[in-house]
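Step one of this worksheet: look at the structure below.
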Amino acid sequence: MTTPDDTPVLDDATRDPEAFRASAPIILDGVDVGIDDRSFRPHGESGDTLLDGLNPQQREAVEYRGPALLIVAGAGSGKTRVLTHRIASLLANREAWPSQILAITFTNKAAAEMRERVEALVGESAQGMWISTFHSACVRILRREAENFGYNRNFTIYDAGDSKALLKRIIKELEADTFGFTPGSAAARISKLKNELSDVDSFARTADRSDPKEAMFLEIFRTYTRELARASAFDFDDLIGQTVYLFRAFPHIAALYQRRFRHILVDEYQDTNHAQYELIHALTQPIEPDEVAELEAKDYNLGKLVDATGRVPGASLTVVGDSDQSIYAFRGADIRNISEFERDFPGARVVLLEQNYRSSQNILSAANSVIANNFDRKDKKLWSAGGDGEKIIGYTGYSGHDEAQFVADEIEKLHSAGVPYNEIAVFYRTNSQTRALEEIFIRSALPYRIMGGTKFYERAEIKDAMAYLIAVANPADEMALRRVLNTPKRGIGPATEAQLAGYAEANGFTFRQAMRDAGSLGMGPKVTSAIVELARLLDEGATMIDPENPAGQSKVSDVLVHLLKGSALVESLRASRDPQNEARAENVEELVAVTKEFERNNPEGGLVEFLTEVSLVAAADEIDDASGTVSLMTLHTAKGLEYDAVFITGVEEELLPHRMSANEPGGPAEERRLFYVGITRARKRLYLSLAMTRAQFGDVAVALPSRYLQEIPAELIEWKQSPGFANSRGGTQSRALNARRASRQPDRGLSGAGGSFGAKPEIPASAWPNRVTAQVRDNGDLTLEPGDRIRHVDFGDGKVTAVTGEGSKRVAHVQFEKSGAKKLLIKIAPIEKL
DNA sequence: TTCCGACACTTTTTT
DNA sequence: AGTGTCGGAA
């Protein structure tokens, strides 16, 4: 979890210079636009030293001043450095106050890092800046302005799962499933529309209503929108879209932010969608004279901002991006935003950064030759002054488990050669690939962390506990109430739920009110008291955070503990005989710990702030660089990160490129960019691996090497085990794949094996000395000592050389006769003592 | 209303 | 393989 970017908006303070000084002591004497106080000296480097160590292009990107700047930054070209130095130089030269800077990054983690790096350059004057994601920035604006357009500032944020749950109910009620609608398909379509800034009305105007399916979709969209509004909730896409509507509908509110942010910087611009583009566009508009007058009438000091025409010119915009790293088209990212930047912002300067400071030349050459296969791109070649470096290592496993064992073994080798675990990462295309990796890593006692995937906050029991908190913070949120209604079991079934909803509808009040009044519904005494009791518990929670409450604001953890006690959520999990429920109970207790952690990091933050933070945490935010663990993540999550050693697994057709991308326009090209992003994360070592067979949906399918492998020149790859088997047409894969170089394991045993596509390959197991099965066993409290001989199901006989660790985490270091040295977790490894 | 077993369906990537 | 959903019985 990251610290939220919760610096207060300084608008109120800037109206009154005295208050401003008090709240931001680093800024002396001042109106926020007066930049003439000579005593303001940032700590750290002065303006000149900010340019030290930068190449000429980087310098230009830092120094250029003008309305618009596009920095085309290839992978590893130091763009974060350029961005932070650019911000630092604006501050150091006192061309801008911190509060006038808005920097948008892709993840909270990137935002935190950028803030840290700017602070390292200029010291604490970095405090008042807004450095955040699009979503966080919009939440701040929306909470601030919510009351101005009919929303409650305690609105709930629905994540993708919440949206789908709501749509599921709507589709059921409308019986829309008969038209083939699923929550997923409806959510995707609505999301797409919102990313294009379409709302129900504009969609209704263009939709073909004579088509019953279209009419039904319109009905779904309309109901969904109404339900969100009724619950005082925004979905992810609304956060951006509603902010744009807000600015359009209320120019005087837009003017506040146009005035405040004089320098806007956007990272990963190639992944912005239309709504985000419009948001940036709105923020960089000039303030017209009538709005200027209105602002001044409200005592906002515009001072020197007003130009000769009586307007405040638009903020200066800096965007950084690389169209070769655009991997979010599926989410509405529009590559035209970057390719047509010069047209959108006339007079824009473009700076190209092509020198790579991250990777060895071999890695870059591979990346260049892969991406060169995407036509319709500006040619751009990364180069490094750092020398060729190591060759790329290739490996073909018999199965996903075999591949995982290779990865584990190589990681162990790297580690004993001095590469720390946290400098090693394993990437894959789909989250489902983690299973095999995880099994092997646990068995091999490798410390690892999975980024993203099934996230803590997506677990059912955590969502239940969170729903209690949401119901307290936002009583209008019916979905949270419905979720909480019968968890833990209270004997309130769907029939009762429907009765409550009907009662609320008929009387024109909220679901929550209906719960309070359950007594007048004539239901059974047990059910009635359960409902009334729950309503009372939630109301108690609400008074605990009520700002009017004389007893003061309770801490989030106190509210949560009170709700958990009152609802007996944890106890009911503990009482159940399902063994998994013990782990669930522990998860809920972990959530209490999370709230306490939040309180430590955010002494000012309340329940709403906590809920916001939880809603906006992303996979990449969890990455803890200091921990000594290997990181496992999807290729998407890997964007923006770098490691000494990188493993890309599952480099197979149907997986990379993924089969789902085949039919999408631009799909294969986007998949290629994804591969390119993965390759360019590596500094020194790159491993590409694949498997001949891969388990999916419970059975085994044949896999073919990815077409992208052939695009890497053969001399860059050293195959530990090449995928040189016959393909479906009876020929062989390209020369690159057959890699006729001297290899310790010649291709002999492989080529010709396998056979026609679709059949299970009959490959002699002897061809894979490392062939690994998914077997796990419980060895109880088997004890091993150095010198013991053991037999492993997959690796054969070996001798224990050392034993480390405690209790269930005891690890045997074993020298196998045929398979080399390995570490095994004694408790679960498929071994027996001889 | 809840519980249980049979079943169907899943897996693209994420703020 | 694992999870969610549905129908029927208690």
Side-chain angles (χ1 to χ4, degrees), chain A residues 104-111 132-139 157-161 163-165 168 172 177 182-184 187-188 191 194-195 234-241 268 271-273 275-276 326-333 400 427-436 439 451-455 458 460 486 488-497 523-524 526-527 530 576-578 580 612 615-621 633-639 650 654-664 667 670-671 673-675 677-678 694-701 774:
Chain A
I104 302 278
T105 59
F106 203 66
T107 63
N108 293 306
K109 155 102 176 156
S132 66
T133 62
F134 271 105
H135 296 266
S136 306
C138 287
V139 169
I157 302 165
Y158 280 12
D159 65 19
S163 299
K164 277 197 194 139
K168 193 174 161 189
K172 200 166 184 179
D177 49 339
T182 63
S191 174
K194 288 189 176 182
N195 285 334
F234 292 121
D235 65 22
F236 268 142
D237 302 309
D238 283 336
L239 296 177
I240 317 289
E268 309 283 11
D271 285 325
T272 52
N273 60 35
Q276 291 165 334
S326 161
I327 54 175
Y328 283 100
F330 72 92
R331 205 170 78 191
F427 303 154
Y428 36 81
R429 176 65 234 269
T430 68
N431 281 309
S432 60
Q433 289 169 255
T434 53
R435 199 164 299 149
E439 277 172 22
M451 281 30 250
T454 317
K455 276 170 254 155
E458 283 170 13
N486 200 30
K489 301 258 181 299
R490 295 187 176 88
I492 308 172
T496 313
E497 185 181 323
M523 294 179 290
K526 246 176 121 178
V527 178
S576 141
R577 59 193 188 298
D578 184 343
Q580 280 194 314
T612 302
S615 305
L616 300 179
V617 285
D621 296 340
M633 67 191 84
T634 65
L635 285 161
H636 283 88
T637 306
K639 189 172 72 159
E654 309 279 275
L655 210 47
L656 187 69
H658 196 277
R659 64 172 71 80
M660 291 294 170
S661 71
N663 302 326
E664 289 161 19
E670 175 145 322
E671 299 283 305
R673 289 194 293 269
L674 196 52
F675 188 43
V677 165
R694 197 164 286 277
Q696 57 169 9
F697 302 149
D699 56 13
V700 180

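Bear in mind the structure is a predicted one, so any value in this text is a computation, not a measurement. Every chain is numbered from 1, with letters handed out A, B, ... down the list of sequences.
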Using a cut-off of 4.0 Å on non-hydrogen atoms, how would the nucleic acid contact of [X] be classed: base, sugar-phosphate, or nothing?
X: A:Asp237; result: nothing
X: A:Ala695; result: nothing
X: A:Tyr328; result: sugar-phosphate
X: A:Thr496; result: sugar-phosphate

Select one nucleotide: of [options], the one nearest the side-chain heavy atoms of [X].
X: A:Ala495; options: B:dT15, B:dT13, B:dT1; result: B:dT1
X: A:Lys489; options: B:dT12, B:dT15, B:dT2; result: B:dT2
X: A:Thr430; options: C:dG2, B:dT1, B:dT12; result: B:dT12
X: A:Met660; options: B:dT12, C:dG2, C:dT5; result: B:dT12
X: A:Ser432; options: B:dT13, B:dT15, B:dT11; result: B:dT11
X: A:Pro494; options: B:dT12, B:dT1, B:dT15; result: B:dT1
X: A:Thr634; options: C:dG2, B:dT14, B:dT2; result: B:dT14
X: A:Phe330; options: B:dT1, B:dT15, B:dT14; result: B:dT14
X: A:Asn431; options: B:dT14, B:dT11, B:dT1; result: B:dT14
X: A:Arg331; options: B:dT1, B:dT14, B:dT13; result: B:dT14

Integer-rounded Å distance: [N] [atom2] and [X] [atom1]:
X: A:Leu674; N: B:dT14; atom1: CG; atom2: C1'; value: 12 Å
X: A:Gln433; N: C:dG2; atom1: CD; atom2: C1'; value: 17 Å
X: A:Lys639; N: B:dT12; atom1: NZ; atom2: P; value: 20 Å
X: A:Gln696; N: C:dG2; atom1: CD; atom2: C1'; value: 15 Å
X: A:Lys164; N: B:dT14; atom1: NZ; atom2: P; value: 12 Å
X: A:Arg659; N: B:dT10; atom1: CZ; atom2: P; value: 12 Å
X: A:Glu458; N: C:dG4; atom1: CD; atom2: P; value: 12 Å
X: A:Phe106; N: B:dT13; atom1: CZ; atom2: C1'; value: 11 Å

Within a strict 4.5 Å, meaning less than it, do heavy atoms of the A:Thr272 and A:Tyr328 side chains meet?
-> no
Given the P atoms of C:dG4 and B:dT13, what is the spacing between them in whole Å?
-> 16 Å
Would you kindly check whether a donor in the side chain of A:His658 faces an acceptor in the base of B:dT12, or vice versa, at under 3.5 angstrom?
-> no
Does A:Arg694 come within less than 4.0 Å of A:Glu654, counting only side-chain N to carboxylate O?
->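 No salt bridge links A:Arg694 with A:Glu654.
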Indicate whether OP1 or OP2 belonging to B:dT15 is found under 4.0 Å from a side-chain N or O atom of A:Asn195.
->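 Looking at the OP1 and OP2 atoms of B:dT15, neither is under 4.0 Å from any side-chain N or O of A:Asn195.
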Could you pick out which residue, A:Asn486 or A:Glu671, lies toward the 5' side of DNA chain B when each is mapped onto its nearest nucleotide?
-> A:Asn486
For A:His636 and for A:Arg490, locate the closest nucleotide of DNA chain B by heavy-atom distance; then report the residue assigned to the nucleotide nearer the 5' terminus.
->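 The residue whose closest nucleotide sits nearer the 5' end is A:Arg490.
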Taking the six-membered ring for Trp, is the centroid-to-centroid distance between A:His636 and A:Phe330 below 6.0 Å?
->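 Yes; A:Phe330 has its ring centre under 6.0 Å from that of A:His636.
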If we ignore hydrogens and angles and just use 3.5 Å, is the side chain of [X] paired with the main-chain N or O of [Y] as donor and acceptor?
X: A:Asn431; Y: A:Thr634; value: no
X: A:Glu671; Y: A:Ser661; value: no
X: A:Gln276; Y: A:Asn273; value: yes

Quick one: closest heavy-atom pair of A:Ala638 and A:Met633, and the distance?
-> CA-SD, 3.6 Å
